[in-house]
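Okay, so here's the structure we're looking at.
In the text below, chain A, chain B and the rest are named by the order of the sequence lines, each starting its count at 1. Note that the coordinates shown come from a computational prediction; the quantities given were computed from them, not determined experimentally.
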Amino acid sequence: MPELPEVETTRRGIAPYLIGRRLLGAVIRNPRLRWPVAANLNDLLRGQRPVAVDRRGKYLLLRLASGCLVIHLGMSGSLRIARAAEPPRAHDHLDLVIEDGTCLRLHDPRRFGAVIWTTRPPEDHPLIRDLGPEPWSATAEYLWRRARGRRTPVKNYIMDGRTLVGVGNIYASEALFSAGIRPLRAAGRVTRAEYARLAAAIIRVIDRAIAAGGTTLRDFLGADGEPGYFRQRLRVYGRAGRPCRRCRVLVRRVVIAGRATYYCPRCQR
DNA sequence: AGTGCGGCCTGTCCGC
DNA sequence: TGCGGACAGGCCGCAC
């Protein structure tokens, strides 16, 4: 589920329910996420009021006076505001209980997500420190220069969080299609002009997805917040063997670094 | 240093 | 209807 647009949609959805509200504590039902959830989280949070809910890449940063709760949704995580009294469903691993009888509830079947408490600036945390720029700050010149000599496929290159953040598996295929670049091309062989198209395509795809994700904000408080926005918008992802929406040639699927990758052999060179 | 891969988990879907 | 295997939108940590 969560690529950057969904994390951003989540951030916008939960922030108003958290900022300035007093937290009563945390209920940990299953601490076994990617890393164990701090056993004393309840004590750490009790009585505090979040001052900001920020995002860096796909990490959510819940800032408090005494520290920061860093949340990552992994492959299958989601957050929603629920009534604290509402019975948790399977895989509802954690609640942050809010004074008004609601809670922020983390749901994550695969448990690839993470909830990390840090008292240092989260920007200095090892998981966040080495992240590349947000997509809107990743210029064509930067992408091109950094790729000098790189032989890794350009798809891997743009999915590497040290290059830039926010390009997940779906949007990597989508952006490369939009820019007309084959995903297996060596990053160092992609031209300046192509990086100009690619940088613009990444921003366009992500901006559109955020805008579409925003439309699901309305029912954010409803069920599990599963947004269906992307399906109809995808140009190549998941369309193997079906005609390219631009030229009708059949879309191909290849596996790059273990991840499904889709491209049009005519529109992308 | 850059690169590729195994691993973490559960749920779903598809073919037999 | 049951069962095995492939696959799923992330990313760390390690070997080379």
Next item on the list: Can you tell me which residue pairs pass the ring-ring contact (aromatic ring centres under 6.0 Å, His included) test with a partner in residues 125-169 of chain A, sequence neighbours excluded?
Entry: none

Check: Is a donor on one side and an acceptor on the other found under 3.5 Å between the side chain of E3(A) and the backbone of G168(A)?
Finding: yes

Notebook entry, point to check: How close or far is atom C1' of dG10(C) from atom CG of L60(A), stated in whole angstroms?
Noted result: 14 Å

Check: Should D124(A) and R129(A) count as an ion pair when the cut-off is N to O under 4.0 Å?
Finding: no

Taking N or O atoms only and anything under 3.5 Å, show me the protein contacts with nucleotides 12-16 of chain C, one pair per line.
from    : atom 1 : to     : atom 2 : distance (Å)
dC12(C) : OP1    : Y59(A) : OH     : 3.0
dC12(C) : O4'    : R34(A) : NH1    : 3.3

Notebook entry, point to check: Apart from L24(A) itself, what residues make up its hydrophobic cluster, given side-chain heavy atom links below 4.5 Å?
Noted result: V27(A), V97(A)

Next item on the list: Answer yes or no: side-chain N or O of E6(A) and base N or O of dG9(C) forming a donor-acceptor pair under 3.5 Å.
Entry: yes

Margin query: What's D108(A) touching, base or sugar-phosphate or nothing? Going by heavy atoms closer than 4.0 Å.
Written below: nothing

Return a table of donor-acceptor pairs under 3.5 angstrom between the side chains of residues 49-60 of chain A and protein atoms on other chains or two or more places apart.
from   : atom 1 : to      : atom 2 : distance (Å)
R49(A) : NH1    : G20(A)  : O      : 2.9
D54(A) : OD2    : R63(A)  : NE     : 2.5
D54(A) : OD2    : R63(A)  : NH2    : 3.3
R55(A) : NE     : E8(A)   : OE1    : 2.8
R55(A) : NH1    : G57(A)  : O      : 2.9
R55(A) : NH1    : E134(A) : OE1    : 2.8
R55(A) : NH2    : E134(A) : OE1    : 3.1
R56(A) : NH1    : G132(A) : O      : 3.2
R56(A) : NH1    : E134(A) : OE2    : 3.1
R56(A) : NH2    : L131(A) : O      : 3.2
R56(A) : NH2    : G132(A) : O      : 2.7

Checklist line | Nearest-angstrom distance from the residue atom CD1 of I206(A) to P of dG9(C) | finding: 16 Å

Note to self: Rounded to whole Å, how long is the line connecting atom NE2 of H72(A) with atom P of dG10(C)?
What the structure shows: 8 Å

Next item on the list: Using the closest heavy atom to pick a nucleotide of DNA chain B for each, name whichever of H91(A) or R151(A) lands nearer the 5' end.
Entry: R151(A)

Tabulated below should be each protein N or O lying under 3.5 Å from an N or O of nucleotides 6-8 of chain C; please produce it.
from   : atom 1 : to      : atom 2 : distance (Å)
dA8(C) : OP1    : R253(A) : NH2    : 3.4
dA8(C) : N3     : R110(A) : NH1    : 3.2

Notebook entry, point to check: Restricting to pairs with a member in residues 240-261 of chain A, which pass ring-ring contact (aromatic ring centres under 6.0 Å, His included), not counting sequence neighbours?
Noted result: none

Next item on the list: Using the P atom on both, measure dC11(C) against dA1(B) and round to a whole Å.
Entry: 23 Å

Checklist line | Short side-chain donor-acceptor distance under 3.5 Å, S178(A) and R235(A) | finding: no

Check: Can you tell me how far P in dC12(C) sits from the matching atom in dG11(B), rounded to whole Å?
Finding: 24 Å

Check: What residues, two or more places apart in sequence or in another chain, satisfy salt bridge (Lys or Arg N to Asp or Glu O under 4.0 Å) together with R246(A)?
Finding: none

Note to self: side-chain contact (heavy atoms from CB on, under 4.5 Å), that's the test. Do W117(A) and N40(A) meet it? Break it down for me.
What the structure shows: CA-CA 10 Å; W117(A) 174 256; N40(A) 60 341; over 6 Å; no

Next item on the list: Verify, without hydrogens or angle tests, whether E174(A) (side chain) and L234(A) (backbone) share a donor-acceptor contact under 3.5 angstrom.
Entry: no

Note to self: Going by ring-ring contact (aromatic ring centres under 6.0 Å, His included), name the pairs with one or both residues in residues 180-213 of chain A, residues two or more places apart or in two chains.
What the structure shows: none

Note to self: Between C1' on dG9(C) and CZ on R239(A), what's the gap in Å once rounded to a whole number?
What the structure shows: 18 Å

Notebook entry, point to check: In whole angstroms, how far is the C1' atom of dC11(C) from the NZ atom of K58(A)?
Noted result: 9 Å

Notebook entry, point to check: Going through the checks in order, is the side-chain contact (heavy atoms from CB on, under 4.5 Å) test met by R192(A) and E141(A)?
Noted result: CA-CA 7 Å; R192(A) 254 190 164 101; E141(A) 177 68 19; 3.3 Å; yes

Item checked: Residues clustering with I256(A) (ILVMFWY side chains joined when closer than 4.5 Å, directly or via others) -> L184(A), V254(A), Y263(A)

Note to self: Below 4.0 Å from chain A heavy atoms, what is the first contacting nucleotide of DNA chain B and what is the last?
What the structure shows: dG2(B) to dG11(B)

Note to self: Expected output check: what is the dot-bracket annotation of DNA chain B, where ( ) and [ ] are pairs inside the strand (brackets for crossing ones), | is paired with another strand, and pairs are Watson-Crick or G-U under 3.5 Å?
What the structure shows: .|||||||.|||||||

Margin query: Show me the pairs that pass salt bridge (charged side-chain N to carboxylate O under 4.0 Å, His left out) and involve residues 253-269 of chain A, at least two apart or across chains.
Written below: none

